[in-house]
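Report on one structure; see the data block that follows.
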There are 2 protein chains.
Amino acid sequence: MNTIRSPQPPPSLTRSVEDYLKSVFHLTSQGGFATTSDIAEMLDVAPPSVSGMMKRLSETGLIEHVPYRGVQLTPQGRRAALQMIRRHRILESYLTSKLGYDWGDVHVEAERLEHAVSEKLIERMADALGEPRYDPHGAPIPTAAGEIEEAELVPLAESVVGGSVVLQEVGDEHPARLHYLAEQGLTPGVRLTVIDRQPFNGPTIVRLGDGTTRVVGQELALLLFCRPSDGE
Amino acid sequence: MNTIRSPQPPPSLTRSVEDYLKSVFHLTSQGGFATTSDIAEMLDVAPPSVSGMMKRLSETGLIEHVPYRGVQLTPQGRRAALQMIRRHRILESYLTSKLGYDWGDVHVEAERLEHAVSEKLIERMADALGEPRYDPHGAPIPTAAGEIEEAELVPLAESVVGGSVVLQEVGDEHPARLHYLAEQGLTPGVRLTVIDRQPFNGPTIVRLGDGTTRVVGQELALLLFCRPSDGE
DNA sequence: TTTGAGAATTAGTCTAGGCTAAAGCCCTGT
DNA sequence: ACAGGGCTTTAGCCTAGACTAATTCTCAAA
């Protein structure tokens with residue numbers, strides 16, 4: 001008799017654990033470690049709560065914890081985090097496309113739903129949408145297999161003056177800012193010509209396809225991730 | 001200055017509390033009290049867990065607890081329970097109509113989602129469905145205002161032999177039984193002629209609209225709720 | 001009227017996941 | 001080289017919501 005049950009039954013993580021894994025993923029996406037206080041701030045909990053959870057998560061093999069340094073995801077933790085991010089982004093896409101949600105309002109709703117949906121439901125939504133590759137904010141949606149596109153994007157605030165870029169992703173979830181950006185026509189896929197930038201962290205001035213211009217303050221311009229688009 | 005804040009901010013119940021309220025609602029739908037052990041069995045927890053929760057719920061005014069007798073919902077508890085039932089049934093309807101779910105599989109999915117969806121999402125789904133009045137099992141969907149239709153239904157097992165009935169509601173959530181019933185053509189809305197019933201809790205024999213007959217064992221026949229349909 | 005079975009409650013414990021206060025580590029600036 | 005400041009961790013506590021074991025209540029039957 002074979003007593004080894006190989007492809008472990010899904011451990012079924014708690015809501016809280018899922019949130020911690022997502023935070024660590026986002027905080028380590030540029031490489032390096034996620035620190036206790038960054039995680040605490042992102043999840044709005046006290047630092048000791050993070051230390052406690054990091055201990056539990058490293059015992060279950062989801063993260064690697066270097067005391068006083070920070071944490072990184074193990075391959076297993078990364079898979080779990082990407083699964084949550086896929087759920088989140090598919091949900092955002094579905095709510096926007098199929099239920100008329102505004103792109104500023106989907107984040108909060110998806111944040112709760114992502115912990116409750118089954119794999120099956122997510123795949124049905126993805127199917128109904130035609131397997132979208134980007135969510136409404138332009139963020140890449142991980143595949144069901146756990147792969148995610150990594151693009152080299154540059155914040156508009158750091159783009160080359162005189163160049164032409166395509167706004168690829170809006171790195172923000174605050175409804176008010178998103179509403180404002182949509183009003184300004186600054187949504188993913190738009191092509192922008194970088195006309196000028198004021199010194200001392202001043203605004204960036206861009207021209208849209210229709211010839212109109214926008215003055216984008218530094219704070220917002222740091223959230224608009226672009227890829228260069230020199231040729232056509 | 002008015003220090004009374006009348007229409008209390010929504011207290012935001014926990015998942016567990018929501019489940020208890022639903023159980024009490026279902027167990028008291030015929031009037032009377034819900035007993036500790038019935039609730040425990042329905043939620044698959046130990047009786048002392050129920051006693052503990054009943055204490056908390058009566059402190060927050062959601063139920064009325066008569067020690068050693070049982071509990072009933074207060075008007076506030078009933079509103080909360082009906083809200084959960086509305087969510088559940090709208091979700092079941094949406095998953096069936098819009099995402100191709102089988103009626104045997106929707107219950108489990110809705111059971112998790114009902115705790116995570118917002119009011120707004122439920123109303124958008126209801127709207128997309130055209131404000132359905134019944135869920136896929138034929139159960140009435142409470143209105144957003146908290147009203148629910150109460151019909152006088154009779155289990156097929158207790159219907160009058162020789163009479164004609166319409167199958168209104170299937171009172172079961174087990175996927176296997178639901179699949180079987182669908183195969184047999186026994187789904188809500190179907191008209192049945194009750195041809196015969198074997199003695200000693202034996203099966204009921206019915207004829208469908210297409211002239212074919214079905215032999216329905218007592219266990220299943222108790223789950224098929226019908227309304228008389230004498231005239232056309 | 002009493003008694004005993006069965007149901008309900010109380011008592012006490014456990015875990016997850018928060019918190020504050022206190023202690024420990026690391027690194028930079030003098 | 002070391003002192004101090006800022007993180008991080010530990011210690012200890014709290015709540016919700018489970019559990020088991022022990023106790024108490026109720027009601028029906030003798």
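The chains referred to below are lettered A, B, ... by the order of the sequence lines, with proteins before strands, and numbering in each begins at 1.
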Enumerate the salt bridge (charged side-chain N to carboxylate O under 4.0 Å, His left out) contacts for [range], please, sequence neighbours excluded, ordered by first and then second residue.
range                      : result
residues 50-65 of chain A  : none
residues 23-37 of chain A  : none
residues 19-46 of chain A  : A/Arg15-A/Asp19, A/Lys22-A/Glu111, A/Lys22-A/Glu114
residues 90-108 of chain B : A/Lys120-B/Asp105

Flag for B/Ser159-B/Arg197: side-chain donor and acceptor within less than 3.5 Å:
yes
Are B/Glu119 and B/Gln83 close enough that a side-chain donor and a side-chain acceptor fall under 3.5 Å?
yes
Provide, to the nearest angstrom, the distance between the [atom1] atom belonging to [X] and the [atom2] atom belonging to [N].
X        : N      : atom1 : atom2 : answer
A/Arg56  : C/dC14 : CZ    : P     : 17 Å
A/Lys55  : C/dA16 : NZ    : P     : 13 Å
A/His115 : C/dA16 : NE2   : C1'   : 16 Å

Decide yes or no on side-chain hydrogen bond (donor to acceptor under 3.5 Å, both in side chains) for A/Gln218 and A/Gln198, but give the supporting numbers first.
CA-CA 10 Å; A/Gln218 133 122 355; A/Gln198 306 297 329; over 6 Å; no
Looking at residues at least two apart in the chain, or sitting in another chain, which of them share a salt bridge (charged side-chain N to carboxylate O under 4.0 Å, His left out) with [X]?
X        : value
A/Glu219 : A/Arg177
B/Glu149 : B/Arg133
A/Glu109 : A/Arg112

Do NZ/NE/NH1/NH2 and the carboxylate oxygens of A/Glu123 and A/Arg86 come within less than 4.0 Å?
yes
Contact check, residues 35-43 of chain B vs DNA chain C, heavy-atom distance under 4.0 Å, returns B/Thr35, B/Thr36, B/Ser37
How does protein contact run along nucleotides 19-26 of chain C, one letter per nucleotide 5' to 3', with B for base contact, S for sugar-phosphate only, - for none, heavy atoms under 4.0 Å?
BBB--BS-
Looking at A/His174, I'd like to know if its NE2 atom is crowded, meaning that more than 12 non-hydrogen atoms belonging to other residues, nucleotides or ligands lie closer than 6.0 Å.
no
Checking A/His88 side chain against A/Met84 main chain: does a donor-acceptor pair fall under 3.5 Å?
no
I'd like the 5' and 3' limits of the part of DNA chain D contacted by chain A, with heavy-atom contacts below 4.0 Å.
D/dC7 to D/dT10
C/dA8 OP1/OP2 closer than 4.0 Å to side-chain N/O of B/His65:
no
Relative to A/Phe25, does A/Arg78 satisfy both conditions: NZ or CZ under 6.0 angstrom from the six-membered ring centre, and within 45 degrees of the ring's axis?
no
Check DNA chain D against residues 16-28 of chain B and give the residues with a non-hydrogen atom under 4.0 Å, in numerical order.
B/Ser16, B/Tyr20
With the criterion being N/O to N/O and under 3.5 Å, what pairs connect the protein with nucleotides 1-6 of chain C, and how long is each?
none

Students often mix this up, so state it plainly: with edges at 30° and 60°, are the rings of A/Trp103 and A/His137 parallel, tilted or perpendicular?
parallel
